[in-house]
Each structure stands twice: as structure tokens, then as C-alpha cells.
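Fair warning: this is a prediction, and the values are worked out from it, not measured in the lab. In each ligand, atom 1 is the first atom listed, and ligand 1 is the first ligand listed.
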Amino acid sequence: MNKIKADVVEIFLSIQGEGIYIGYPQLFIRFANCNLNCYYCDTLIKNTKTGKLYKSQDNYQIFQNPVSIEKLYEFIGCFENNYYHSIALTGGEPLLAINFLREFLSHIKNKNIFLETNGTLPAALLEIIDFVDIISMDFKFNSVVRQSIDYSVYKEFINIALEKNLYIKIVVSDDLSDDDLKIFLEFGIPNYIPIVIQPITTKENKIKVSAKKIIKIQQLLMQKFSDCRIIPQTHKFLELL
Ligand code: SF4
């Protein structure tokens, strides 16, 4: 019996609402806690005493945290009769639960593992890279998230993530500047990596960035990246989890 445990906020089947895998059904495991503190964060990452297992969108069961690896396997087993493209590890920042993930993922067989991450924990990524198939990495600009992230961690992270199927999401707001975009263009990211421009959606489900600005950002980024798409957070409009 493995003693490692982790705080999990919710487990549910839904569709991917962001990025280039949009619309695929996924089994989401949302881990608690994050090492960043974005002012617009809309995820339930701090309620850690209990978690919710949604067997369907309106039928859930509450479980106690922290959960063991065995318990999480059992929860995943509740969805064995459902179709899904991949298991999405999300948060919060799932890589904070690295000790748990290392053990948990080593026993998962015949499932695609999709990691949604803020891209700031390269050492943790290195530990589980062999178990991950797809990486959806956020590149957050300091001007947009209003905090100070050392961009060199992104460089380290991307170098490791390139081994796998990687795409990068940049979250944009009116605060994003041309200087930010210049940094991104000169960051050394290979030009074949898909880039998703994701405008911030407010808690009222409104996109605050003007269409003109978003198109301008895309035009600038396409000087380098051939696969560069504007994709908002669609699950919010569909009112899905
Ligand atoms: S990185 Fe994501 S989960 Fe963490 S605070 Fe920012 S928006 Fe929230």
C-alpha cells in the first residue's frame, strides 16, 4: 500500500474547452493548489478538505482529502464505461503533486496522459516526462498576470517538453505589450510548435480584449509561428465544468 497522497479538488468527465484539443472528451483530475496567483484565476483550487467526483454533470459524490493513489485509481474506474480521449491532469498546478504523480502515472496503462500546466516547474516535469503524451503549457506574461515570473524557467520547461506533443497557450489581455510579444518571438521556441492565443474571459463570461488587438497579436506571432490560432475558453460559454 503506497502512503503518498494528494489533494484533489474534483474528478469529472467533460470536454476540453481550450487549446488545440478543444472538443475532445477527457477525464479531468483537478489537483489543488498553485504556485502562481493570477488575479483572474477562476479555478476552485483552494477548497482542499473535500473533493467532488462527478459521475455525470449533475450527479456527484463528495470525497475526503487527501486521496491515496489507490483511491484515485478507484475513482478513475468509475468511468470505465465512458469514452474519453485522454486523462487531463489539471489544477491548480498538477506538477506541485510530483511525488504523487510519479507513482500514480507509472501504473496507468493504455491511456493518453494530457498535462495542463503553467510551465514553471521544469524539474518536476523532467521526473514524469516519460509518462506524459501531450503537454498544454501556459506562457504567462508578467504584464498580464501582474506578478513576477522568471521567464528562464519557461525556457528550461520548453526544452524538456519538446520531447512530447507540446503546444503553448498565451493568455492575452489589454495589458499585453509589443515588448512582451518581442520577448516571445525571440525566446527560441521552434516555429513548428502550435501557439494558441487565449483572450482572458472574465468571471461574467465576457472577453475584455478587443478583436482588433487579438488579430494584431496573431499577425505579429505568425511572422514566426505557422500554426497560431485564436481560441477562447469555450467551456465557459457551454456552461460545462
Ligand atoms: S496558473 Fe492557473 S491555476 Fe494557477 S493561479 Fe494562475 S490561473 Fe490560477
Would you mind running through ligand 1 and noting each atom that sits below 4.0 Å from a heavy atom of Cys34? 1 (S), 3 (S), 4 (Fe), 5 (S)
Just checking: Cys38, one of its N/O/S atoms, less than 2.8 Å away from atom 6 (Fe) of ligand 1, yes or no? yes
Do Ser177 and Asp179 have a side chain donor and acceptor closer than 3.5 Å? no
At what distance is the nearest protein heavy atom to atom 1 (S) of ligand 1, and which residue and atom is it? Lys140 CE, 3.4 Å
Could you walk me through whether Tyr84 and Phe79 pass the ring-ring contact (aromatic ring centres under 6.0 Å, His included) check? CA-CA 9 Å; Tyr84 54 88; Phe79 297 90; 7.3 Å; no
Sub-4.0 Å atoms of ligand 1 with respect to non-hydrogen atoms of Asn118: 1 (S)
N/O donor-acceptor pair under 3.5 Å between Gln218 side chain and Cys228 backbone: yes
Lys52 to Phe12, cation-pi by 6.0 Å centre distance and 45° axis angle: no
For atom 8 (Fe) of ligand 1, does an N/O/S atom of Cys41 lie at less than 2.8 Å? yes
Please round to the nearest 0.5 Å and tell me the distance separating atom CG of Leu115 and atom OG of Ser86. 11.0 Å
